[in-house]
Amino acid sequence: MSIKAIDSHTEGEPTRVIVEGGPDLGGGSLATQAKLLSSQFDHLRTAVVLEPRGSEVLVAAILRPPENPTSDAGVIFVNNVGVLGMCVHGTIGVVRTLQHLGRASTTPGETIQLDTPVGPVTATIKPDGVVAVKNVASRRTSHRVPVPLDDRLVHADIAWGGNWFALIEDHGESLEFERRGTLTKLASRIRRAMNAAGQDGTGAHAGPVDHVELFGPPADGGHGRNFVLCPGGAYDRSPCGTGTSAKLACLAADGRLAEGATWIQESIIGSRFSGTWQAGSEPGTIIPTISGRAWITGESTLHLDPSDPYRFGIF
Ligand code: PYC
């Protein structure tokens, strides 16, 4: 069995788009197909994403036919632990990949609509290779939730940006790349404590906090720097687009960023996304637009040799 894949990175964070040989998930909504992927084809996710072919930082995108008649394609994102709701860096990677294949325009101003398990998103082509993703409606559901740890008390905002985020500013750490090991341990402790205490996201898409986002002052001319811990234990090399969406929801709720104003979010490696928001149709929601760049890094055929005991990954 072989699978054709195109790899890219978006501001440092990798995406592997499966362009041929993906699972047959039938029809139905993308949310239904994502459930089928988890229940029947998880071995294909693990084969593509996990070592020895992938790594814990890799996000894969499985292209599907569109769910809505007005959309260009459907996409399901997966990582080293399962299906992701939405993934903005991955969407930018998918658009760059479709451009590379000649299946999407490179003309500034053109748009591409993609269906995801948590709703449709629109990507607009901008000059200089920038892709602007209009994300799903985002919102903050809890403000300054106390999270006691054994050595400190932190406070978390819980917000939806396509995944559930705990956003923390009073963590007391400096956000430097060299300190990523320490930051990973702290963010993991915060997530464990919040999940154990049932400090969840509520309302539509209610669920446990799966990403932890530590915030700090900018180091490189942006408005803020983040360190984002992803569900499978890896940190996001990009500023995390769904995390930046969650941050914009918090800034909007606090009156710290006006509608239409630009927020430059730095990642822990110093790469950047820019974000703006407009009011959503539901009270208390915003529609974020996150912009960034992706580059193609490779094209490959993945072979799943039946004699290879690790063809479905190491786990
Ligand atoms: O950019 O939304 C994102 C994302 C989610 C997980 C990793 N990157």
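One-based numbering along the sequence shown. Counting starts at 1 for both ligands and their atoms, following the listed order.
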Exercise for the section: Determine, stepwise, if the pair Trp295 / His9 fulfils ring-ring contact (aromatic ring centres under 6.0 Å, His included). Expected result: CA-CA 6 Å; Trp295 292 267; His9 79 84; 5.3 Å; yes
Fill in the blank from the handout: atom 6 (C) of ligand 1 has as its nearest protein heavy atom His211 NE2, 3.7 Å
Fill in the blank from the handout: Out of Thr10, Thr15, Val59, Asp236, the nearest non-hydrogen contact to atom 7 (C) of ligand 1 is supplied by Asp236
Handout entry: Glu67 side chain vs Ser29 backbone, donor-acceptor pair below 3.5 Å
Key =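 No, because the side chain of Glu67 does not come within donor-acceptor range (under 3.5 Å) of the backbone of Ser29.
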Exercise for the section: Please list, chain by chain and in numerical order, all residues satisfying side-chain contact (heavy atoms from CB on, under 4.5 Å) with Gln40, sequence neighbours excluded. Expected result: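 Result, side-chain contact (heavy atoms from CB on, under 4.5 Å) vs Gln40: Leu36.
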Problem - N or O contact, His89 vs ligand 1, cut-off under 3.5 Å - result: yes
Handout entry: Heteroatom proximity flag, Val88 to ligand 1, N/O under 3.5 Å
Key =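 Yes; the residue has a nitrogen or oxygen that sits under 3.5 Å from a nitrogen or oxygen of the ligand.
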Problem - Neighbour count >12 (heavy atoms, 6.0 Å) for atom CD, Glu282 - result: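 No, CD of Glu282 has 12 or fewer neighbouring heavy atoms, counting only those of other groups under 6.0 Å.
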Fill in the blank from the handout: Quick note, salt bridge (charged side-chain N to carboxylate O under 4.0 Å, His left out) partners involving residues 148-161, not counting sequence neighbours, are Arg140-Asp157, Asp150-Arg189, Asp151-Arg189, Arg152-Glu173
Handout entry: Close-contact set for ligand 1 against Gly241 heavy atoms, below 4.0 Å
Key =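 Those atoms are 1 (O), 2 (O), 3 (C).
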